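Since the structure comes first, as structure tokens, the remarks are kept for the end.
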Amino acid sequence: MTESFKRNFGLGLLAVSVLSLICFGIVGIGRDGQLNADGGVLYAAGRAWLKGLNAYNHDMLTQSVATIKEIDLKNAAFFYPPQSAAFCMFVGLFDYSIAKLVWLLLNLLSIAAIIVMTVRTINQHQNNSENQLGSLVMAAMIIGNPFTAHVVWMGQTSLMAFAGTMAAWFFSQWQKFVLAGICLGIASFKPQLCLLLGIWFLLERNWKILAVAFATVIIMSAYPLVLYGGPVGMLAAWHQGIQDSYSSLPFNQPGFQDKVGMESLFASLGLKVPAIKIVAVILAVVLWVFRKRINREDVLALLMGISFTFLGYTHVYDYVGLFPILTSLWLYCSNNRNALLGSIALVFLLFFPRRIFLAAGLPFLIHWRTIVVLMLVVGVVAFSRKAKSRQGFQQEMA
């Protein structure tokens, strides 16, 4: 293929992806409900806090937006950690018609940030004749995949939390530890996406990042700290909200079609595996112990893959956090036809619409993505170890 064809092909993919996001993520073609359904819950929490109410109490949460007909909290609850107040109270300052657009803008800015960091990563590892197509393909995949559209339509927080997690890793690699800590602190409002990265920094003894992250969390939680009378009252209110709401909602139950990970896969088969979440922490530690046997550029990809497979507390729309894995696969496979075809097949399965399985009467296949993600993780480990071994051999020969 000529360079001109590659560029035009990539630009065409990018244009289609933008159109897809607009149609399915913003306009809502084929969608049920209204734009920003989940964002409405966070808006209600922000309004509750602004009125001095307990956002973790469902009655008070409902009371805070009782006059807004668009927000339906009958089957919803708020259980984000207190540092989410920085986001919730910010959007709560606006009329809801404006708040929806603000939330949409935050998600679009998160997409842009993820693309910038991804392109920068690709540019560092490919020469000029290769990186243009790779950058366009990855940008198109980030914008046009169904998980991104789902997050934008729902007004979910996964893109924002993952952008913060990715930025924490990105800045840490550039020795910008204060920026990395701020980003990690921001990402902590959805802790299941950044927990293993925090553990990695702990194992690395990167105290500056962790200290700045902790300070960021305290600043973001300043209002709840005052409202609930200090850290004990604040954490007690959050814990009570989780007990009262999180596990009682059907879409948070292991085995539910939107819940991802091995725990949910096993639950769908009628199996309960105790303490499976600890496997995620163990594997993160194992990865750190053997970190010299893999490329450091793949660490975030593997931590995210481990999180989605074993840590739990994640849903299908959270798969926007898999972009580092897809980037690593592109870098390893773009010049290897067979490997590229295999990776494309796995990515196709990852993005394959679940509703087709349901319509075909095959509900037992709804957790196939967990297996696909596990295969992607294994693939990145294999490619990374091979590349690292090759580098070591070349250095010995030199």
Side-chain angles (χ1 to χ4, degrees), residues 80-87 110 113-114 116-118 120-121 124 157-158 160-226 228 230-236 238-239 277-308 310-314 321 323-325 328 384 388:
Y80 279 76
Q83 58 265 40
S84 63
F87 289 101
S110 298
I114 293 168
V116 169
M117 289 183 284
T118 299
R120 186 68 177 269
T121 300
Q124 286 180 314
T157 58
S158 307
M160 289 180 272
F162 173 65
T165 301
M166 188 175 184
W169 175 255
F170 182 83
F171 286 124
S172 74
Q173 301 312 293
W174 286 87
Q175 308 296 305
K176 305 290 186 181
F177 298 129
V178 173
L179 288 174
I182 292 173
C183 291
L184 182 64
I186 292 173
S188 71
F189 78 94
K190 194 155 190 169
Q192 60 267 46
L193 294 188
C194 66
L195 177 62
L196 294 189
L197 181 58
I199 291 174
W200 183 273
F201 288 142
L202 180 64
L203 293 169
E204 295 267 271
R205 299 180 183 179
N206 204 321
W207 309 122
K208 183 178 289 188
I209 291 179
L210 295 173
V212 173
F214 181 74
T216 302
V217 169
I218 295 299
I219 293 171
M220 293 174 67
S221 307
Y223 185 86
L225 275 168
V226 174
Y228 297 112
V232 174
M234 179 183 71
L235 294 175
W238 177 37
H239 182 259
K277 294 179 178 64
I278 197 65
V279 174
V281 177
I282 293 172
L283 288 177
V285 174
V286 170
L287 183 65
W288 183 82
V289 170
F290 294 99
R291 63 194 180 281
K292 293 183 179 179
R293 298 188 183 183
I294 61 170
N295 280 328
R296 188 169 179 83
E297 294 80 6
D298 298 318
V299 167
L300 180 62
L302 295 174
L303 290 176
M304 296 308 299
I306 293 169
S307 295
F308 287 118
F310 295 102
L311 191 58
Y313 302 111
T314 49
F323 297 139
I325 285 185
S328 291
S384 190
K388 193 70 174 179

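Everything numeric in this text was worked out from a predicted model, so none of it was measured.
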Pairs of donor and acceptor atoms involving the side chains of residues 218-225, under 3.5 Å and at least two apart or interchain, shall be tabulated with distances.
unit_1, atom_1, unit_2, atom_2, d
Ser221, OG, Gln83, N, 3.3
Ser221, OG, Val217, O, 2.8
Tyr223, OH, Trp49, O, 2.5

Full working for side-chain contact (heavy atoms from CB on, under 4.5 Å) between Phe310 and Lys277 = CA-CA 5 Å; Phe310 295 102; Lys277 294 179 178 64; over 6 Å; no
- Would you sort out whether Leu193 and Phe308 count as a side-chain contact (heavy atoms from CB on, under 4.5 Å), showing the intermediate values? CA-CA 8 Å; Leu193 294 188; Phe308 287 118; 3.9 Å; yes
Restricting to side chain to side chain donor-acceptor pair (under 3.5 Å), what partner residues turn up for Gln173, sequence neighbours left out?
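For Gln173 the side chain to side chain donor-acceptor pair (under 3.5 Å) partners, ignoring immediate neighbours, are Arg296.
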Applying side chain to side chain donor-acceptor pair (under 3.5 Å) to Ser328 and not counting sequence neighbours gives Asp298
In Å and rounded to the nearest 0.5 Å, what is the [atom1] to [atom2] distance from [X] to [Y]?
X      : Y      : atom1 : atom2 : result
Ile278 : Leu311 : CD1   : CG    : 9.5 Å
Leu283 : Ile306 : CG    : CD1   : 5.0 Å
Met166 : Leu300 : CE    : CG    : 6.5 Å
Trp207 : Leu202 : CH2   : CG    : 5.0 Å
Ile114 : Thr165 : CD1   : OG1   : 9.5 Å
Leu197 : Ser188 : CG    : OG    : 11.5 Å

Determine whether Phe323 and Phe162 satisfy the following criterion, side-chain contact (heavy atoms from CB on, under 4.5 Å), listing intermediate values before the conclusion. CA-CA 10 Å; Phe323 297 139; Phe162 173 65; 4.1 Å; yes
Salt bridge (Lys or Arg N to Asp or Glu O under 4.0 Å) filter on Lys208, not counting sequence neighbours, yields none
Hits for salt bridge (Lys or Arg N to Asp or Glu O under 4.0 Å) against Arg293, two or more places apart or cross-chain, chain-then-number order -> none
Between [Y] and [X], is there a side-chain heavy-atom distance shorter than 4.5 Å?
X      : Y      : answer
Ile209 : Phe171 : no
Val289 : Leu203 : no
Trp200 : Asn206 : no

Do Gln192 side-chain atoms and Tyr313 backbone N/O form a donor-acceptor pair below 3.5 Å? yes
Donor-acceptor pair, side chain of Arg120 and main chain of Met117, under 3.5 angstrom: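 Such a contact is absent between Arg120 side chain and Met117 backbone.
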Residues 174-185, side-chain donor-acceptor partners within the protein, below 3.5 Å, at least two apart:
none

- Query: According to the interplanar angle, ranging from 0 to 90°, do the rings of Trp169 and Phe201 count as parallel (below 30°), tilted (30 to 60°) or perpendicular (above 60°)?
  - Reply: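 Parallel.
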message = If I compare all heavy atoms of Ala284 with all of Leu303, which pair ends up nearest, and what's the gap?
response =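 Shortest heavy-atom separation between Ala284 and Leu303 comes out as CB-CD2, 4.0 Å.
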For this session: Report the C-alpha distance between Lys190 and Thr157 in whole Å, list the side-chain angles of each, state the deciding distance to 0.1 Å, and finish with yes or no for side-chain contact (heavy atoms from CB on, under 4.5 Å).
Result: CA-CA 8 Å; Lys190 194 155 190 169; Thr157 58; 3.4 Å; yes
